[in-house]
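Written below as structure tokens is the structure these notes are about.
Throughout, protein chains are lettered first and strands after them, A, B, ... in sequence-line order, and every chain is numbered starting at 1. All of these numbers come straight from a predicted model, not from anything done at the bench.
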Protein chains: 2
Amino acid sequence: MDDSRINPDGTPTLAQVAARAGVSPITVSRVVRLPDMVAEATRERVETAMRELGYVPNLVAGSLASARTRAVGVLVPTVANAIFADTIQGISDTLEPLGYAVFLAQSHYDDAREEKMLSALLARRPEALIMVGSPATAAGARMLRRAGIPVVETWDLPTNPIDAVAGFDNKAAGAAVARHFASVGRRKLAFIGGDDPRAGRRWAGFYQAAQEAGLEPPLRLVLARNAGAGVAAAADLTGRDGVFAANDALAFGLLAGLRQAGRRVPEDVGVVGLGDLEIGRLIFPTLSTVRIDGEAIGRTAGLLTVSRDGPRRIDLGFSLVVRETG
Amino acid sequence: MDDSRINPDGTPTLAQVAARAGVSPITVSRVVRLPDMVAEATRERVETAMRELGYVPNLVAGSLASARTRAVGVLVPTVANAIFADTIQGISDTLEPLGYAVFLAQSHYDDAREEKMLSALLARRPEALIMVGSPATAAGARMLRRAGIPVVETWDLPTNPIDAVAGFDNKAAGAAVARHFASVGRRKLAFIGGDDPRAGRRWAGFYQAAQEAGLEPPLRLVLARNAGAGVAAAADLTGRDGVFAANDALAFGLLAGLRQAGRRVPEDVGVVGLGDLEIGRLIFPTLSTVRIDGEAIGRTAGLLTVSRDGPRRIDLGFSLVVRETG
DNA sequence: GCGACAAATGATAGCGCTGTCATTTGCGGT
DNA sequence: ACCGCAAATGACAGCGCTATCATTTGTCGC
């Protein structure tokens, strides 16, 4: 194949395929999108021309002409946190077979950055938008409402969602952990986590349930959201016999820190994480955790973007999984 | 703000902002892209109109008109593997400040699917493409060469790269692990991993170095690429005293499987992973591993897409980190 | 062969924005 | 006031494809 036939200023266009196959451009378009509508002989002629030219459809142009991008915007705090990676996986695995692509963006837990990312995503006119949590700013929320596309808030159950929800009750999850600690005789509790709204709700539930169980007020440590912070937090938890870490990664760090401090788990202190990452089942001692199916959240969110059937608020729930860490 | 002013058929357009501000459309465009080129009074008038209408630029149209998408396509085997998530993070953190977005796709380690994803990504006309590994099919490679955009192959050092490379020598990494095992007296080695080209190269280096060290031929187990397979693999490794797992996740599973089988690590069997995930430093016993800086691979790849300065082949190397698992 | 209808193909306009050249406006110097 | 130049703004065409209506072609029944 002689490359001189390719548009020297760029990649081959649909018009060039049409000229080569001796048909009009719209027929080439039909071969790509609606092949059953084209006579077999014509279709084969066009397909040969496409193959010879190495034609790759231009979805930028097609999206503009059709007012459809066939893409979904996805905004997560960070892709490096495995629980969100599972959600992205669920979203992608659900939408890709339906012909939808994923435009990914990260907020890094920063409100201003989240707003900027929402704007950047919306500029690309995704047909829907899925985000972890809810917009942190009024401007962000306004932008999403104005966009007039399906919006799914995940990993939480907001009282005034913009559109659809696929999440679980963070406050109830925190309460369940505190009640569990009380039921196994833990008296001095603590919570370690970040300062995002979801961690705040887990803390609120944890605190309230501890109060209701007659335990002394739990301690809250607000940390950076990585395992290293969990390691360091162990030093501030002397005397605490039950610690709820806002996510499993923090819990892994905490376990290492406690081990280094010579505190036995679960004999001296119980540890519960959140997320039920697979690693938690493999380490020693195995991690007790609040099981959240991040991938199911993603799948559900994906389905909520493409279908208006059924409820728009899905509570996927959680369950407390008690393993060796207490 | 009365919503009736918004285009009832969709979101506000640049033309509507122009009409509202009493300027021509190209002036609105300039306010968005080149604000210093517009007189202050005019700019403020336009900005007010944009704000009142809730105007969000349409990058679909802008991309077509300017022949620039300001996006980079990223193809990884799976986002759920932490080492690739780190790379995505590195890519995103490097490109986002430069105004580039990430179009993400996953191959799920399937050749046909990889080719389909490459085509889907290229249809969106990314200005560059970054992929883990190299194209598995000739058609995929041809597509990329034809696209005429910067292409970065990562996590490997291909002999005939399409354009640029940001990776490390997988074969040498495998060899280093075998030599390490030999140096600490391991005699019967094994390798567990998937069947992708990179795992194959790790195995080849491992096998060759073991031969050169006079050890009996190592055993290779080809597994599903998840921790669960690592757990199960322990049953097939009786009598082996040194096991190299193709990645850390597999190693975590293997450690659990060995623990369940009553085999002590490192007394009975040494285990080395690959990737140096943070969790490996936190668990007990701490994991020996081949350190690969996935995030640095991503950052380097990101820079290779936006700059043609300097070498196009970057070997980020690796290092063997010996911890408690041997 | 003719007419009716369906299948197949083509013509037209335009999606929302921008590269580029043209025109207008403003400023400073004489 | 006039001229030259730079800054600011506008006009025009079109990026590559597709929605939609129009036209052509093919098939079947009489």
Side-chain angles (χ1 to χ4, degrees), chain A residues 6-47 49-50 53-70 99 122-127 147, chain B residues 6-47 49-50 53-70 99 122-127 147:
Chain A
I6 297 182
N7 183 350
D9 296 328
T11 55
T13 64
L14 179 139
Q16 285 165 324
V17 175
R20 191 179 183 91
V23 298
S24 85
I26 190 60
T27 297
V28 176
S29 183
R30 287 189 184 116
V31 169
V32 171
R33 297 175 297 112
L34 305 158
D36 290 346
M37 257 184 74
V38 182
E40 186 173 346
T42 307
R43 178 164 46 74
E44 286 177 351
R45 222 161 67 233
V46 170
E47 285 170 346
M50 288 197 289
L53 287 176
Y55 173 68
V56 177
N58 186 332
L59 267 195
V60 176
S63 297
L64 182 60
S66 65
R68 297 207 50 192
T69 54
R70 291 174 190 85
L122 290 176
R124 293 189 185 271
R125 300 297 191 272
E127 301 193 22
Chain B
I6 300 184
N7 184 349
D9 297 329
T11 55
T13 63
L14 180 140
Q16 284 164 329
V17 175
R20 190 178 185 91
V23 298
S24 84
I26 190 61
T27 298
V28 177
S29 182
R30 287 188 183 118
V31 169
V32 170
R33 295 175 297 114
L34 304 158
D36 292 345
M37 258 185 75
V38 182
E40 186 172 346
T42 307
R43 177 164 50 74
E44 287 177 352
R45 225 162 62 233
V46 170
E47 285 170 345
M50 290 197 287
L53 287 176
Y55 172 67
V56 177
N58 186 332
L59 268 195
V60 174
S63 297
L64 182 61
S66 65
R68 296 204 55 189
T69 54
R70 292 175 188 81
L122 290 176
R124 294 191 185 268
R125 300 297 191 269
E127 300 193 20

Nucleotide [N], atom [atom2] - distance to [atom1] of [X] in whole Å:
| X | N | atom1 | atom2 | answer |
| --- | --- | --- | --- | --- |
| B:L59 | C:dC17 | CG | C1' | 10 Å |
| B:R124 | D:dC17 | CZ | P | 14 Å |
| A:L14 | C:dG10 | CG | P | 12 Å |
| A:L53 | D:dG16 | CG | C1' | 15 Å |
| B:D36 | D:dA8 | CG | C1' | 13 Å |
| B:L34 | D:dA8 | CG | P | 12 Å |
| A:N58 | D:dT18 | CG | C1' | 12 Å |
| B:Y55 | C:dG16 | OH | P | 10 Å |

Can you list, pair by pair, the side-chain donor-acceptor contacts under 3.5 Å of residues 61-69 of chain B, counting residues two or more places apart and other chains?
from: B:S63; atom 1: OG; to: B:L59; atom 2: O; distance (Å): 2.5
from: B:S63; atom 1: OG; to: B:R68; atom 2: O; distance (Å): 3.2
from: B:S66; atom 1: OG; to: B:G62; atom 2: O; distance (Å): 2.6
from: B:S66; atom 1: OG; to: B:R68; atom 2: N; distance (Å): 3.4
from: B:R68; atom 1: NE; to: B:E127; atom 2: OE1; distance (Å): 3.2
from: B:R68; atom 1: NE; to: B:E127; atom 2: OE2; distance (Å): 3.2
from: B:R68; atom 1: NH2; to: B:Y100; atom 2: OH; distance (Å): 3.0
from: B:R68; atom 1: NH2; to: B:E127; atom 2: OE1; distance (Å): 2.9
from: B:T69; atom 1: OG1; to: B:R125; atom 2: O; distance (Å): 2.7

Cut-off 3.5 Å, no hydrogens considered: what does the side-chain donor-acceptor table look like for residues 33-43 of chain A, sequence neighbours left out?
from: A:R33; atom 1: NE; to: A:S29; atom 2: OG; distance (Å): 2.9
from: A:R33; atom 1: NH2; to: A:S29; atom 2: OG; distance (Å): 3.1

Contact under 4.0 Å: A:R33 side-chain N or O vs D:dC17 OP1/OP2: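 No, outside the criterion.
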
DNA chain D contacts made by residues 61-70 of chain B, counting heavy atoms under 4.0 Å: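 Listed by number, they are B:L64, B:A65.
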
Contact residues, residues 38-45 of chain A to DNA chain D [heavy atom, < 4.0 Å]: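 Going residue by residue through residues 38-45 of chain A, none turns out to have a heavy atom under 4.0 Å of DNA chain D.
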
From CA spacing to verdict: side chain to side chain contact (heavy atoms under 4.5 Å, CB included), B:V17, B:V46: CA-CA 7 Å; B:V17 175; B:V46 170; 4.3 Å; yes

Residues from residues 21-32 of chain A lying under 4.0 Å of DNA chain C - heavy atoms: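 Those residues whose heavy atoms fall under 4.0 Å from DNA chain C, taken from residues 21-32 of chain A in numerical order, are A:V23, A:S24, A:I26, A:T27, A:R30.
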
Five-pair end axes of the helix from C:dG1-D:dC30 to C:dT30-D:dA1 and the angle they enclose, rounded to 10°: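 Roughly 30°, once rounded to the nearest ten degrees.
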
Show the nearest heavy-atom pair for residues [X] and [Y], with the distance to one decimal.
| X | Y | result |
| --- | --- | --- |
| B:V32 | B:Y55 | CG2-CE2, 4.3 Å |
| A:A18 | A:S24 | CB-C, 3.8 Å |
| B:A21 | B:A49 | CB-CB, 3.9 Å |

B:V23 side chain reached by B:V28 side chain, heavy atoms, under 4.5 Å: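 Yes - at least one pair of side-chain heavy atoms lies under 4.5 Å apart.
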
Pairwise distance CZ(A:R20) to CG(A:L53) - rounded to 0.5 angstrom: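 A:R20 atom CZ to A:L53 atom CG measures 4.5 Å (nearest 0.5 Å).
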
